Each structure stands twice: as C-alpha cells, then as structure tokens.
Amino acid sequence: MKRKERAIITVDGYSSCGKSTFAKAIARELNYIYIDSGAMYRAVTLFCLRKGYVSGGVADAAKIISSLPEIKITFRMNDKTRFNETLLNGESVEREIRDRAVSDNVSAVSTIAEVRAKMVELQREMGTLGGIVMDGRDIGTIVFPDAPLKIFMTATPSVRAHRRYLELQEKGMPADIEAVEKNINDRDRIDSSREISPLCRADDAVVLDNSEMTPEEQMVWFRKLFKERMNEN
Ligand code: DC
C-alpha cells in the first residue's frame, strides 16, 4: 500500500445491511482492528434503560446528559472470537446490547448532541494510529472525514429484515419478522432525519448495494476497490 500505510476505512449505511459482517471480514483480511461504533451507542442506551432514562423510544435528554460522566465505554479483545467485545463500566454487555429493548431505544438516545460528541471523541482517539475499519452511520462524514477509503452500504428493506431475523434466530433470540422490519424502518427514518450527524453518504464514499451479493462476492468487490484506491499514484 503506497498511499497510506495502515489507513482508516469507514463503512456507513442503513441498519442491518451487513455492515459489521463486511467490516469484520475486511479487518481480518488486512489485519486491521474492527470497531463497531453502533455498539457504543447501544451500550449508552443500555445504561439509560437500566436507569429508566429512556423507554418507549422517548429519551430524557437532561438526565442522560448529566449522567454522561458516569458512563465509560471500552472494548476488550475476546481471545476466542478475536474480536472486541463492548464493556460498559467494565462489564461485558456484548450480548445484552443486541436485545430488542436496546434496538427499540438506541435511535432516540443517539439523537442527543452531547451523547454524540462523547462517542465521536472516543472514536477519534481509537483511530489515532490508523489500521482500523470502523462501521456506523456518520463515520465517513463526521468522525473521519479525511479517511482515504469510505464505503456506504445499502440493501433493500426486505432483504435487510430477513437477514436480521435469521441472525436473531441463530443467536437464539426470539424474533417476529414484522417487528424486525418495523424496527429497521423506524431506525432508518430517525437516523437519516436527525439534526445532528444524520446518516448520509459522504460525497467521496463508494456505494455497495449488497442485496444480491454473497459475502465472498462483497470481498471480491472490496479487494478490487482497495487495490484501485490505495495503490493509486
Ligand atoms: O450499527 P447498529 O445498528 O448496531 O447501530 C445502532 C444504532 O446506533 C443506530 O440505529 C443509530 C446509532 N448509531 C449512530 O447514531 N451513529 C453511529 N456511528 C453508529 C450507530
């Protein structure tokens, strides 16, 4: 790689379009670190749910803002999976942050400017040495606007709902396809229309619509893009 050794690669896009599967595969191939920024917003949401500061998709912004100093989000390498797991004040919450209650409330918590400012600061710290793949909603637009390689992922809503439904079933988490589809549509709407850092494609991001692509086809697509972009000049 001539252009920049151990770069930052950003992967943004809609809910449940396979961002984390794709971003993890890229990270594995390049020997980069994968960072799941959504897990950070989910961990903050779990904290707020436990305290009763958010419920039914309605967040008490004042209470959440005043408790931000009490919330510490870190990652720890899981030696078995070789991926980071999310810690909330030292407790591993990797599984709990995928629960439906968190999914139903995370977009409301993520619209709060102070929550975003804290997460963006942490995310930038994690990127200081490069060699990372970070996925989320605003990574290529706000967190790392100068990243040399940005990908914006999308897939049709029904494909996304189906994938998410299968994923929950595989994890032994009961799911109802209609509820899953509603959650995805609701999150897309809130994430794309919020005032601060809405989900949108960075001007220089390359779009990957993976509705009809297998994981291996996505990797073939990525390898070609990486070669073109990172070996240029
Ligand atoms: O990637 P995910 O579905 O686990 O993310 C959960 C939520 O977190 C998503 O609906 C919106 C929020 N989020 C965000 O606002 N900004 C990010 N960079 C990542 C996630």
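Whatever order the structure lists ligands and atoms in, that order sets their numbers, starting from 1. Note that this is a predicted model, so its numbers are computed, not measured.
- Applying the side-chain contact (heavy atoms from CB on, under 4.5 Å) test to A175 and every residue at least two apart in sequence or in another chain returns Y165, L168, V180.
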Test salt bridge (Lys or Arg N to Asp or Glu O under 4.0 Å) on D104 and R100; report intermediate values, then the result.
CA-CA 6 Å; D104 286 346; R100 168 115 185 254; 3.2 Å; yes

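- F75 has its ring centre no less than 6.0 Å from the ring centre of Y34.
- Each of T10, D204, T141 was evaluated against K150; a single residue qualifies, D204, per the side-chain hydrogen bond (donor to acceptor under 3.5 Å, both in side chains) test.
- Looking at residues two or more places apart in sequence or on another chain, you find a side-chain contact (heavy atoms from CB on, under 4.5 Å) between M213 and L208, N210, E217, Q218, W221.
- Here I190 pairs with S107, T111 under the side-chain contact (heavy atoms from CB on, under 4.5 Å) rule; sequence neighbours left out.
- Sorted by chain then number, the residues whose non-hydrogen atoms approach ligand 1 to under 4.0 Å are S37, G38, Y41, R42, V106, S107, S110, R116, G136, R137, D138, I139, R187, D191, R194.
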